Amino acid sequence: QVQLVETGGGYVQPGDSLRLSCVDSRGTTSAYGMGWFRQAPGKEREFVAGIAWSGGTGNYADFAKGRFTISRETFKNVVYLQIDRVESEDTAVYYCAAELMGGGGKASHYTYWGQGTQVTVSS
């Protein structure tokens, strides 16, 4: 089955850029839409960006437009989330998830989830 592992998180300063990666170690996500979500302390998990099984351009939450870029290399079963000009409000645990033939913004539609990677933005 799908097994997702997120990497790339860490401590960054405001204005920095970083790229998160999500890999399906089983290589079974080619037919899945993929999404990135994040959860900050005291807040609910929220949608960040999604991409269809066929790739192409992603769809984004309003706050993510302009600074976040989702992409995938389907043949490698890897999905990326590029974050540019990070802000303190971006501090959260970032999760990737897989939805069969999907890639939308509803967390309840996703079947598989990774364990998350922590992004901490601090000066």
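Values reported hereafter were calculated over all heavy atoms of this structure, with side chains retained and with hydrogens, waters and symmetry mates removed. Along the sequence shown, residues carry numbers from 1. Remember, it's a predicted structure, so these values are computed and weren't measured experimentally.
In terms of heavy-atom proximity, Thr57 sits nearest to Ile51 at O-CG1, 4.3 Å. Contact between Ala98 and Met34 at its shortest, heavy atoms only, is CB-SD, 3.6 Å. Heavy atoms only, all atoms of each residue included: Val86 and Ile83 are closest at CG1-CG2, 3.5 Å. Between Gly27 and Asn77, the shortest heavy-atom contact is CA-ND2, 3.2 Å. Listed here is the closest heavy atom pair of Val78 and Ser21: CG2-CB, 4.4 Å. In terms of heavy atoms, Gln13 sits closest to Val121 at C-CG1, 4.0 Å.
Contact check on Arg67 versus Glu87 returns a salt bridge, with a Lys/Arg side-chain nitrogen under 4.0 Å from an Asp/Glu carboxylate oxygen.
When the side-chain contact (heavy atoms from CB on, under 4.5 Å) test is applied to Arg26, the partners found at least two apart in sequence or on another chain are Gln1, Gln3, Asp24, Thr28. Among residues two or more places apart in sequence or in another chain, the side-chain hydrogen bond (donor to acceptor under 3.5 Å, both in side chains) test is passed with Thr7 by none. Qualifying salt bridge (charged side-chain N to carboxylate O under 4.0 Å, His left out) partners for Lys76, counting only residues two or more places apart in sequence or in other chains: Glu73. In this structure Thr111 satisfies the side-chain contact (heavy atoms from CB on, under 4.5 Å) test with no other residue, sequence neighbours excluded. Not a single ring pair (Phe, Tyr, Trp, His ring centres under 6.0 Å) links Tyr11 to another residue, sequence neighbours left out. Shown here are the side-chain contact (heavy atoms from CB on, under 4.5 Å) partners of Thr69, two or more places apart in sequence or in another chain: Tyr60, Gln82.
Listed by first then second residue, pairs satisfying disulfide bond (SG atoms under 2.5 Å apart) with a partner in residues 25-94 number zero, not counting sequence neighbours. Listed by first then second residue, pairs satisfying disulfide bond (SG atoms under 2.5 Å apart) with a partner in residues 14-84 read Cys22-Cys96, not counting sequence neighbours. Here salt bridge (Lys or Arg N to Asp or Glu O under 4.0 Å) pairs that include residues 5-23, with residues two or more places apart or in two chains, number zero. Residues in residues 75-96 take part in no ring-ring contact (aromatic ring centres under 6.0 Å, His included) pair, two or more places apart or across chains. Annotation: disulfide bond (SG atoms under 2.5 Å apart) contacts involving residues 57-91, sequence neighbours excluded, are absent.
Between the side chain of Thr117 and the backbone N or O of Gly9 there is at least one donor-acceptor pair closer than 3.5 Å. Not a single donor-acceptor pair under 3.5 Å links the side chain of Tyr110 to the backbone N or O of Gly105.
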Given the rule in the side-chain contact (heavy atoms from CB on, under 4.5 Å) test, do Leu81 and Phe68 qualify, once you have shown the distances and angles that lead to the verdict?
CA-CA 7 Å; Leu81 182 69; Phe68 292 73; 4.1 Å; yes

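When the side chains of ILVMFWY residues are joined at heavy-atom separations under 4.5 Å, either directly or via intervening members, Val119 and Val23 end up in two distinct hydrophobic clusters. A chain of hydrophobic side-chain contacts below 4.5 Å, direct or via other Ile, Leu, Val, Met, Phe, Trp or Tyr residues, connects Ile70 to Leu18. Linking ILVMFWY side-chain heavy atoms closer than 4.5 Å, directly or via other members, places Phe37 and Val93 in a single hydrophobic cluster.
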Please list every donor-acceptor pair under 3.5 Å in which a side-chain atom of residues 42-49 meets a protein atom from a residue at least two apart or in another chain.
unit_1 : atom_1 : unit_2 : atom_2 : d
Glu46  : OE2    : Arg38  : NE     : 2.8
Glu46  : OE2    : Arg38  : NH2    : 3.4

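Separating the OH atom in Tyr32 from the CZ atom in Arg72 is a distance of 11.5 Å, to the nearest 0.5 Å.
Residues Trp36 and Val79 are in side-chain contact: their nearest non-hydrogen atoms beyond the backbone lie under 4.5 Å apart.
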